[in-house]
Structure formats: C-alpha cells, structure tokens
Amino acid sequence: MAAYIRKVRTASGATAVQIVAKKDGRRTILEHLGSAHTDSELTALMQVARDKLDEGQEELDLGLDALAGPGGGPSLIIAKRSRWLIETIAIAWSRLGFDVVDDEAFFHLVLGRLVEPTSMSDTARVVSEIGLTPAHRNTYANAFTRCTTIDYRNRVATKCFEHAAATGGLSLVLYDVTTLYFEAEKEDELRKVGYSKERRVDPQIVVGLLVDRTGFPLEIGCFEGNKAETHTIVPMIRQFQDRHDIAGVEMVIAADAGMLSAGNLTALDEAGLKFIVGSRVTKAPADLANHFHWNGNAFADGQIIDTVTPRNAKSAVNDVRHRTEPIWDAAGHLKSWRAVWQYSKRRAVRDNQTLNAQETRARDVVDGGKAPKSTRFVKTTANGRSLDTASIDRARSLIGLKGYVTNLPASIMGPGEVIAKYHDLWQVEQSFRMSKTDLRARPMFHHTRDAIEAHLTVVFTALAVARYLQTETGTSIRSLVRTLRPLQEITMTIAGHPHTAADPLTPDAVRILTALDLPTR
C-alpha cells in the first residue's frame, strides 16, 4: 500500500494536508498534518509531509474535497521569520565589522530602517513582523542616547574607513550636501529656515556626506539650516582627517560647483589635499580667452581644453597674445588653478533647449506677463522691464561647455581622467537619494541636537549596509527587501513534535544569496 500526500480544501477555505493511502479502491487517511491559511503555512506543511514519506512517493492535489474539520490532533505554528532577509543584513553587518557596536537595540534600529523605514516607536512592529523579538520602546530610546554618549558614529565610521581602505576606495572621495527638513514651526540654534531646492519654508539642517568613489559612506555631518554649502566642505574634510589621523595623506576630493570658492580651494590646497570641483560656465570666457580670440566659439564634439583659471576675479592669468594654452603648474601659476573644459554636442543640444525655454519665459515677462521673483534675461530699470539680449547671446556662445577646476598637475592626471573622476560624483548623489527615499531620512521629528545626530548615525549605518549589499549583489536595498522579506521559515508543532519548513527560494533570491556566499538550501 503506497502512501502519498493529498491537499484538499476545507470548509473554512483553508488547505488541509494529509498523508493518505489507497488499497482495493478505498482511500485511507493515515495522518492529517494540519490546515494552512497562507502560502507559507502550506509550504511548511508540505515539507513536513515529504519528510514523513519514503523517498519516491507521489503527491496528489485533488483540491476539491471538503473536510468538516481537522483530524489527528491540532497543528500549531510556533514562529515565523524572514530568515533570508535577516541573515543577509546580519552578514553585511558582520562583514563590515559593525558588531563592534555591541548593542542589539541599535542593530534593530538600523535593521528597521533598511526593511521598512519608520519612526523609532514603530521599530518594534517592523522587527516583530520579520520574526525577531523586539525590545521595549524605552530600550530603543536608550540606544539613541548611547549613539551620542558612547559615540557609536565614531565606531561605525572607523569600520567604514577600514572597509573603504581595504577595497581601494580612498584615492578619490566625493562630497556633497543636502537638506533635511523638520515638521516644526519654530527655528532653534540648529534647525533654521534656509535655502531649499524644493522651496520649502520649514526649519531644516544641512547634511554633508563624504563617500568613496563607489558611493560607500565615509563621514556624515550636520550644520545649521541656513549655512552656505561652501562653508561645509572644509570642516567635513578636517573632521574626516582628524577622526582617522590621516592629515597629509594624499586624497583627491571631488565636489560640485557649489563648493567653488577661493577660500575653500585655498584651504584644501594648504591642507595638502588635491581637489576637483565643477566650474561655473560664467567663468568660461576668461578661462578660454585664448580659444575665443583665435578660434571664435567653434568647438569640436568632445574637444578638451586644458588651461588655467584665476584664483580670484581680480587676477588676469590668460594672455590672448599667445595662441597656445598655458600649462598649469603649482610653482609657476601662484595666482591660478588648473582648469579643464570640455565641449559636448549632446550637452549643447540640451543647453540650447533650456535657453530657448528661458528666453520664451523672459519675453512673456517683458510683454506684460506676471513676473516671478527672478527671471533670467530680464532687465528691470526705472523705465520698466526689457529683454537682456546681450546676456542671451553670451549664454548661447557657451552652450555645450562644462568646466572643472583642480590643483592636480597634468603630469599626474590627464584632463580626461580629471573629467572621469568628477563624473563619479553621481555616486554621492545616489547615496543621498537612497538615504532620502529607500531609507527615508526625512522628514525628522527629533528636537534636540543629540537626537538629530543619533538619527543621522542610524541613517549613516543603514546606508553603509545598503551600499555594501548593493555592491555585492547588484541589487538595490529596496529590491532586495522586496525579494527576501516574503520568504519565511516556519516552525510548527504537529502531534507535539516540532518541525521546520521554509518557502522555496525564488531565482532572484538564489542569485542574491549566492552573491553573498550564503547557503541556498
């Protein structure tokens, strides 16, 4: 008499799993294993049934029969957990060395931000739903306090630095800033209304983020909400150097044009640091004076001009009497930096479209349309508004150009490499997008500076784990969580005996686990 597995629908809508046998045309239920209400429970029951059968037995799913009720004793699910998701995050945590922070509540806060970003108070729910035992809310609050009193950020940042150094990521570091706003009505010493690209009028802070060339975070810091971007880069670099005692170590700092100020560049240079920052297109006429004098505004697609740029507006460093562009070196050009300019036909098309839209808008304003606070190419005088045609013509002569300022001599780094290293800045921008979207760093509901710093420490740590997993698996943290969270391991008792079963792994899950050298069985 051969036994096999049968799945049948019960009167309550659940799926009963039974081991049955058929002899002389009669079916006999050998054991009723239980009823499943979810796919995960059904998977668990099916695995238990397979374990009970001898190898080679068959399965039969009739799916039409109805049972008035279960037989053979109750089957109870003791626990469920998203095993693969927990193990994936835990292995990243361990490999990065973050277990130097021996605080399970802090791990839960980071884990919760990776899985389902929410408030500190809601962390217990997220942790519980994936199968871990949550701590009390006060325990999580105390972990926030320990972030600053025991300086968890220093421990995490040290491990981030070690990881980046081991993977060769410190030759180029990238810097950018963003703003995080608060659901608050009043300002204080830190949270202030300042410049916002989203035109928000809420109190905010300015957050600086330093990452390696892959976007892996190295340092995070916060500044007053009304602090200018240009005043953040030097303090952040010095903070980074002091934390790791690396003053004098050669690194190249890349930042966008928002950091371009004479004081910043001088400070970085005096600190022995090399920099690459974006230049403003308004500097092109002075930097490319030789080219414009001898060639007009004609450029070839992809053309690169390696020249010099004055350190301040009062300096004149280009001599149009010489057709050859000057070659920058630190000793011979004390009043200038090296400038690299590139022309792109594709960029020119995009710039031209933008200019056309701006000119149309300006003409509408001049013709009597409602003027916004500031409109490019509109001159306002006592006699009224007029179109600034000279500015339009000047802007059109510069479309397609992009400039870069550096103190790296051509003998160390060619112009093409300067441009390529600057373009790695998209990595820091992506890290900011991850922190704002995938990790939901904003808005913040904390009030004191210590609580804000603790929040940033959690976000910084979560970003490091997310970046590590993305690099290793090629999958964003959002996709990784979406793939692994539904795959549960279930522990249940059947007739008083414990059994464990798990959802079958999807191809995407297998790929992720294989990339991390985690077992898939």
Side-chain angles (χ1 to χ4, degrees), residues 96-98 100-101 147-148 150-178 205-224 227-256 258-278 311 330 337-338 404-409 412-413 418 421-422 424-425 427-429 431-432 435 449 453 456-457 459-461 463-464 467:
L96 289 171
F98 290 169
V100 69
V101 180
C147 278
T148 52
I150 307 180
D151 200 1
Y152 284 177
R153 187 183 302 175
N154 184 58
R155 300 185 189 183
V156 172
T158 298
K159 291 301 177 181
C160 288
F161 176 83
E162 292 174 358
H163 173 77
T167 55
L170 290 177
S171 59
L172 174 69
V173 295
L174 315 169
Y175 180 73
D176 204 354
V177 299
T178 190
I205 61 172
V206 175
V207 178
L209 182 64
L210 197 67
V211 305
D212 72 6
R213 66 187 312 152
T214 69
F216 187 78
L218 298 171
E219 192 77 30
I220 194 169
C222 71
F223 305 88
E224 295 80 4
K227 199 175 190 69
E229 293 181 0
T230 53
H231 296 164
T232 65
I233 184 170
V234 173
M236 278 290 294
I237 297 301
R238 287 175 177 163
Q239 176 180 305
F240 178 66
Q241 288 181 312
D242 292 344
R243 186 189 301 278
H244 306 294
D245 193 22
I246 54 171
V249 175
E250 284 200 6
M251 291 186 301
V252 178
I253 314 296
D256 68 12
M259 305 302 152
L260 184 62
S261 73
N264 279 346
L265 302 189
T266 299
L268 292 174
D269 187 65
E270 290 177 348
L273 294 167
K274 303 302 181 184
F275 60 78
I276 302 172
V277 298
R311 295 194 181 191
W337 302 114
R338 181 184 177 197
Y404 314 86
V405 179
T406 181
N407 61 346
L408 285 158
I412 294 178
M413 187 178 294
V418 169
K421 287 187 180 296
Y422 178 86
D424 281 337
L425 271 176
Q427 295 280 9
V428 68
E429 293 168 357
S431 289
F432 268 132
S435 66
R449 182 168 194 129
E453 292 282 9
L456 290 179
T457 298
V459 172
F460 178 75
T461 309
L463 179 59
R467 270 294 186 178

Legend entry - Test item: Leu170 and Leu218 side chains (from C-beta on) under 4.5 Å apart, heavy atoms: yes
Legend entry - Over all atoms of both residues, closest heavy-atom pair of Glu229 and Gly258: OE1-CA, 4.0 Å
Inset, instruction - Return yes if a side-chain donor-acceptor contact under 3.5 Å exists between Ser431 and Arg467, otherwise no. - result: yes
Inset, instruction - State, to 0.1 Å, how close Pro217 and Leu209 come at their nearest heavy-atom pair, and which atoms those are. - result: CB-CD1, 4.3 Å
Inset, instruction - Could you tell me the separation between the OG1 atom of Thr178 and the CD1 atom of Ile205, rounded to the nearest 0.5 Å? - result: 10.0 Å
Legend entry - Nearest-0.5 Å distance that lies between atom CG in Asp176 and atom CD in Gln427: 13.0 Å
Legend entry - Audit row: Leu265, Arg311, side chain to side chain contact (heavy atoms under 4.5 Å, CB included) steps and yes/no: CA-CA 9 Å; Leu265 302 189; Arg311 295 194 181 191; over 6 Å; no
Inset, instruction - Apply the test side chain to side chain contact (heavy atoms under 4.5 Å, CB included) to residues Val100 and Thr158: give CA-CA distance (whole Å), side-chain angles for both, the deciding distance (0.1 Å), then the verdict. - result: CA-CA 10 Å; Val100 69; Thr158 298; over 6 Å; no
Inset, instruction - Using ring-ring contact (aromatic ring centres under 6.0 Å, His included) as the criterion, list what pairs up with Tyr152, not counting sequence neighbours. - result: Phe106
Inset, instruction - Taking side chain to side chain contact (heavy atoms under 4.5 Å, CB included) as the test, write out the residues that go with Thr167, two or more places apart. - result: His163
Inset, instruction - Answer yes or no: is there a side-chain heavy-atom contact under 4.5 Å between Met251 and Ile246? - result: yes
Legend entry - Test side chain to side chain contact (heavy atoms under 4.5 Å, CB included) applied to Val207 and Val459, Val177, Ile220, the passing residue: Ile220
Inset, instruction - For a side chain to side chain contact (heavy atoms under 4.5 Å, CB included) with Tyr422, tell me which candidate from Ile276, Val405, Thr406 qualifies. - result: Ile276
Legend entry - Under the side chain to side chain contact (heavy atoms under 4.5 Å, CB included) test, residues paired with Pro409 that sit two or more places apart: Trp328, Ser411, Ile412
Inset, instruction - For Phe275, check ring-ring contact (aromatic ring centres under 6.0 Å, His included) against everything at least two apart and list the hits. - result: Trp337
Legend entry - Of all pairs that satisfy salt bridge (charged side-chain N to carboxylate O under 4.0 Å, His left out), the ones with a partner from residues 209-219, not counting sequence neighbours: Arg213-Asp424, Glu219-Arg243
Legend entry - Spacing of OH belonging to Tyr175 relative to CG belonging to Leu425, to within rounding of 0.5 Å: 12.0 Å
Legend entry - Under the salt bridge (Lys or Arg N to Asp or Glu O under 4.0 Å) test, residues paired with Lys421 that sit two or more places apart: Glu417
Legend entry - With sequence neighbours excluded, residues passing salt bridge (Lys or Arg N to Asp or Glu O under 4.0 Å) with Glu162: Lys159
Legend entry - Minimal non-hydrogen separation, Ala267 against Arg238, with atom names: CB-NH2, 4.4 Å
Inset, instruction - Taking the side chain as every heavy atom from C-beta outward, state whether Val156 and Leu96 have any atom pair closer than 4.5 Å. - result: no
Inset, instruction - Could you tell me which non-hydrogen atom of Val277 sits nearest to which non-hydrogen atom of Asp256, and how far apart they are? - result: CB-O, 4.3 Å
Inset, instruction - Could you check if a side-chain atom of Gln241 sits within less than 4.5 angstrom of a side-chain atom of Leu273, using non-hydrogen atoms only? - result: yes
Inset, instruction - Would you indicate whether the side-chain heavy atoms of Ile233 and Ile253 approach each other to under 4.5 Å? - result: yes
Inset, instruction - With sequence neighbours excluded, tell me which residues meet salt bridge (Lys or Arg N to Asp or Glu O under 4.0 Å) with Arg338. - result: Asp306
Inset, instruction - First locate atom SG of Cys160, then atom CG of Leu210, and finally report the distance between them rounded to the nearest 0.5 Å. - result: 11.5 Å
Inset, instruction - Applying side chain to side chain contact (heavy atoms under 4.5 Å, CB included), name anything that partners Lys227, two or more places apart in sequence or on another chain. - result: Phe223, Glu224, His231, Thr232
Inset, instruction - Determine the minimum heavy-atom distance between Arg449 and Cys222, stating which atoms define it. - result: NH2-O, 3.4 Å
Legend entry - Pair listing, side-chain hydrogen bond (donor to acceptor under 3.5 Å, both in side chains) test, anchored in residues 263-276, at least two apart: Ser261-Asn264, Asp269-Asn407
